[in-house]
Each structure stands twice: as C-alpha cells, then as structure tokens.
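Data block below; observations after.
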2 protein chains.
Amino acid sequence: MNVDGRLARGQRTRTAVLDAAVGLASASGLDGLSLGHLAESLGVSKSGLFAHWRSKEELQLATIDRAVAQWQELIIAPALRTSRGVRRIHALHEARIEFYAGRVLPGGCFFATTEFEFNARPGAVRDRLAEVFAAWTAFLERLVTEAVELGELPPTTDVALLAYEIDAYGIAAAMRSRLLDPEVTYRHARLGVLNLLRALCPDPALLPEGPA
Amino acid sequence: MNVDGRLARGQRTRTAVLDAAVGLASASGLDGLSLGHLAESLGVSKSGLFAHWRSKEELQLATIDRAVAQWQELIIAPALRTSRGVRRIHALHEARIEFYAGRVLPGGCFFATTEFEFNARPGAVRDRLAEVFAAWTAFLERLVTEAVELGELPPTTDVALLAYEIDAYGIAAAMRSRLLDPEVTYRHARLGVLNLLRALCPDPALLPEGPA
DNA sequence: GAAATATATCCGACCGGTCGTTCTTATTTA
DNA sequence: TAAATAAGAACGACCGGTCGGATATATTTC
C-alpha cells in the first residue's frame with residue numbers, strides 16, 4: 001500500500017480479478033471458469049494472471065476467501081447489527097434470501113455452486129470449502145444457542161437440528177430458484193423459516209406478523 | 001430385441017453405458033464426465049459411443065432418462081407401495097434418505113449434482129433437468145394433496161409450502177452429507193421431516209414413534 | 001443347411017479446438 | 001536502476017467429434 005493509502009496497482013488488479021472470479025464462478029463453478037474467459041472479461045491477458053497467482057488452484061483458493069469476505073459483509077454483518085436471539089436468526093435468513101433474490105451475484109450462490117462442484121473432487125479447494133461450510137454451520141448453531149440462552153427458544157431445542165433446518169431452506173432456495181419459479185421459491189424459503197421459529201418461540205413479538 | 005427375449009448386443013451396451021454414466025456423473029457432473037473416461041471405465045472405445053449417440057448432448061439426455069428410471073424404481077415405486085396419505089409422504093422421504101445414505105450412487109445424488117452444474121448453462125440438457133425437477137415437485141405436491149383430502153393433514157395446509165419444506169431437507173442432505181458428517185446430516189434430514197409431519201398430522205398413529 | 005449378403009456394432013487413428021501453464025520480452029512504477 | 005507488472009507466443013495434455021475399416025450378427029438366397 002502507498003503512503004497516501006491508495007492501493008498499489010497490483011493489489012487493485014488482484015481485487016478486480018477476484019471480484020470478477022466470484023461473480024463468474026457463481027454461475028459456472030470454480031473449475032468451470034476458464035482462466036481465458038476470466039482474463040478476457042477483465043481485458044487482461046491470461047498469462048498476466050500467473051503474475052499474481054502461481055496456479056489456477058491458488059487463484060481458486062483466493063477466490064473462495066474473497067467470496068467469504070463478501071458473504072461476511074453482505075449476510076453476516078447486517079444480521080449482527082440486529083439484537084441477539086430469535087430476531088437475529090430471522091434477520092440472517094432474510095439477508096440470505098434477499099441476497100439470492102436480489103441477484104447480487106448473477107449466477108446464484110457462489111458457495112452452493114462450488115460446493116456441489118467440488119463435492120466429489122478431493123483436494124485443497126474442496127478442503128477449504130468444507131472448512132467454510134463447517135464455519136457457517138457453527139455460526140448458525142451459535143446463534144440458535146444464544147436464542148436458547150436468552151429464553152427465546154425452549155431449553156429443549158435441538159440446536160444442531162434447528163440450524164440444519166434453517167440452512168436447508170436456504171440451500172433449497174439457491175437450487176430451486178434457478179429451475180422453478182424464483183418468486184414462489186423465495187416466498188417458501190422465507191415462510192418455512194418463519195413457521196419454524198414461530199412454532200418454537202413462545203414470544204410472538206420477536207417475529208414479524210403476517211404471512212411473512 | 002431377439003425372438004427369445006434377450007436384448008440385442010447394442011441394447012445391452014447402451015444400458016451398460018448409461019448405468020455407468022449415471023454413476024460417474026453423480027460425482028463429476030454430466031459435463032464434467034468426459035467421454036474418454038466413460039469409455040475407459042467400460043473397456044470400450046470412445047468412438048464406439050458415437051455409434052449409439054450422435055453427440056455428447058444426446059448421451060447426456062439419455063443419461064438423464066436413465067437416472068429418472070432409477071429414481072422411479074428406487075424411490076418412487078417403494079413409496080407407492082405404502083398406503084396413501086401421510087404414511088406415503090414419510091416413506092418417500094425415508095426412501096430418498098436411504099438412497100443417499102446407502103451410497104447407491106457413489107457420487108451422491110445425480111440430480112442435485114447435475115442441476116447445480118447446469119443451473120447457469122442454458123440448453124437442451126438444462127431444459128430436461130428443469131422438466132424433471134418440475135415433475136418431482138408436482139409429484140410431491142400431489143402426495144400432500146392426497147393426505148389433505150384423506151383428512152390426515154389439516155385442510156388449511158399450504159400444499160406447495162409443505163412440499164418445498166420436505167424437498168429442502170432432502171436437497172440439503174445431499175449437499176451437506178459430502179462436506180459435513182454424513183450420519184449427523186441424515187439424522188437431521190429424517191428428524192426434520194418427521195417433526196414437520198408430526199406438527200401437522202393430528203393422528204400420531206400414522207407416523208413412527210421415537211426420535212426417528 | 002450352407003453360402004452369400006446386408007446390417008449393426010465397435011475400434012484405432014486422427015482432427016481442430018480449448019485448457020492450464022511456461023517462457024521470453026516489454027512496460028510501468030518506486 | 002531494480003523490481004513489479006503486464007503481454008505475446010508457444011507448449012503439451014485433453015476435449016468432443018470424424019473417418020475408414022474390421023468384426024460380429026441377422027437376413028436372404030440357393
């Protein structure tokens with residue numbers, strides 16, 4: 001970084017490349033995205049990419065990190081600004097559905113696409129994706145645990161199961177929205193979690209009224 | 001077919017190729033599976049495949065049809081042998097989870113893999129996959145409707161929503177089981193639907209007792 | 001029934017094209 | 001000037017696909 005705070009040229013290039021890679025890979029997958037197409041979409045030569053990353057795999061790993069940062073900023077951070085407990089769980093899910101429905105990444109969910117792509121392809125990329133997924137699950141479970149500790153959910157709540165259920169509605173939305181009616185899909189994904197939380201949460205004031 | 005009922009040589013080859021293709025594509029995807037690898041795994045020459053299908057896309061479409069037939073036989077048919085209503089819905093979900101957990105196809109769920117793979121790849125294959133998915137959704141909704149008509153589910157049931165929720169637990173299981181603990185994942189997928197049905201179904205005798 | 005013919009099936013060799021990657025060279029930046 | 005950054009050309013490997021010919025199977029002919 002320069003003295004005046006501006007990013008060096010190389011750093012700017014790297015960020016631009018990774019942002020484009022996240023967007024394109026959300027549609028085509030990380031392996032499905034060819035370096036030639038990525039370079040062309042940026043008006044950059046393919047070999048120039050190798051000045052910043054030693055191999056395609058290194059660029060893929062960097063792309064995952066960039067996608068995690070975006071996820072953190074667009075999904076996690078807004079949820080953490082709401083009050084702890086059931087409200088925060090609901091806000092997290094809503095932010096996720098908004099993310100899909102708003103087509104922030106034109107290709108859909110980066111993680112859903114790549115995690116299916118690398119499901120049966122062992123290697124560093126798959127390991128990294130598994131780490132990210134495990135961290136996401138742990139985060140979800142932590143939010144549920146907090147809601148239980150606050151008394152907003154019954155103490156008998158199966159934390160891991162509820163986290164699974166909430167995540168399932170999101171995953172299914174990411175998949176179904178591209179093949180079936182997106183509006184209907186997103187409505188179901190939102191209604192499903194709302195019903196789930198309403199059935200468990202004794203205090204109806206913690207959740208929005210109406211059909212969602 | 002011959003007069004004695006045995007399949008002709010070509011027909012046997014075609015079936016063997018498609019069976020292998022379904023298995024391999026469940027792991028690597030339909031486009032990710034190269035014709036060279038497919039041919040090699042069968043001890044057959046690559047060019048020989050083109051004697052049966054005019055292009056890779058034609059073989060992909062035939063592979064989808066074969067996967068549909070397997071799904072019909074292994075998931076749909078067993079469920080249809082149980083009595084109509086909530087029991088049948090539950091049996092369908094259980095068969096699906098068993099299918100994943102039993103690793104019938106070593107690569108996971110053929111449809112989950114390929115539908116994500118072709119999510120952003122328009123063409124005949126994607127169209128066919130969307131058709132299959134729509135048919136699957138319609139089938140799920142029909143089962144739910146039947147349960148409502150039988151009085152086993154409340155008449156106020158949101159049929160499409162409940163079908164979405166049941167499918168979501170299956171989709172999530174297909175995805176998470178490969179990156180997180182499979183046993184835990186399948187247990188959650190089964191428990192989730194069981195809880196869902198128990199909460200709606202006034203007659204507890206229609207569902208198995210115990211924690212799943 | 002045997003020979004001859006037609007057809008279905010399959011293979012090895014090869015093509016053009018795309019992939020990730022490397023090497024050499026030029027240009028910018030500090 | 002030295003280092004960082006970029007481009008261009010070219011590579012070997014692999015891809016889907018084609019082609020002529022070999023082999024097995026079915027059908028016809030005698």
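Just so you know, these numbers use all the heavy atoms, side chains as well, and skip hydrogens, waters and symmetry mates. Predicted model only: the values in this text are computed from it and were never measured. Every chain is numbered from 1 and lettered A, B, ... according to where its sequence line falls, protein lines coming before strand lines.
- The side chain of B:H52 approaches C:dT9 more closely than any other nucleotide in the set D:dA6, C:dC11, C:dT9.
- Across every non-hydrogen atom of B:R126 and A:R178, the tightest pair is NH2-O, 3.2 Å.
- Computed from coordinates, the A:R14 CZ to D:dA4 P distance equals 11 Å when rounded to whole Å.
- To the nearest 0.5 angstrom, B:T185 atom OG1 is 11.0 Å from B:M175 atom CE.
- Rounded to whole Å, the distance from CG on A:L49 to P on C:dC19 is 13 Å.
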Pick out the pairs of N or O atoms, protein on one side and nucleotides 24-26 of chain C on the other, that lie under 3.5 Å.
none

_Is there a side chain to side chain contact (heavy atoms under 4.5 Å, CB included) between B:F110 and B:L30? Walk through the geometry before answering._
CA-CA 9 Å; B:F110 173 87; B:L30 266 176; 4.0 Å; yes
*Test side chain to side chain contact (heavy atoms under 4.5 Å, CB included) on B:T63 and B:T114 and set out the steps.*
CA-CA 11 Å; B:T63 304; B:T114 56; over 6 Å; no
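- Scored by the side-chain contact (heavy atoms from CB on, under 4.5 Å) test, A:L24 finds A:L33, A:L38, A:S41 as partners (sequence neighbours excluded).
- Here D:dT25 presents its C1' atom at 15 Å from CD of B:Q11, a figure rounded to the nearest Å.
- Closest approach of A:A147 to A:V86, counting heavy atoms only: CB-N, 3.9 Å.
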Pairs under 3.5 angstrom, nitrogen or oxygen only, protein versus nucleotides 14-18 of chain D, please.
from	atom 1	to	atom 2	distance (Å)
D:dC15	OP1	B:S34	OG	3.2
D:dG16	OP1	B:K56	NZ	2.4
D:dG16	OP2	B:L35	N	3.0
D:dG16	N7	B:K46	NZ	2.8
D:dG16	O6	B:K46	NZ	3.4
D:dG17	OP2	B:K56	N	2.6
D:dG17	O6	B:K46	NZ	3.1

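- Backbone-only contact: B:G43 has heavy atoms under 4.0 Å from sugar-phosphate atoms and none from a base.
- Classified by interplanar angle (parallel below 30°, tilted 30° to 60°, perpendicular above 60°), the ring pair A:Y164/B:H188 is tilted.
- The side-chain tip of A:R142 does not point at the ring of A:F139 from less than 6.0 angstrom away and within 45° of straight on.
- In this structure, CG of B:L38 is placed 13 Å from P of C:dC10, rounded to the nearest angstrom.
- In this structure, CH2 of A:W53 is placed 13 Å from C1' of D:dA6, rounded to the nearest angstrom.
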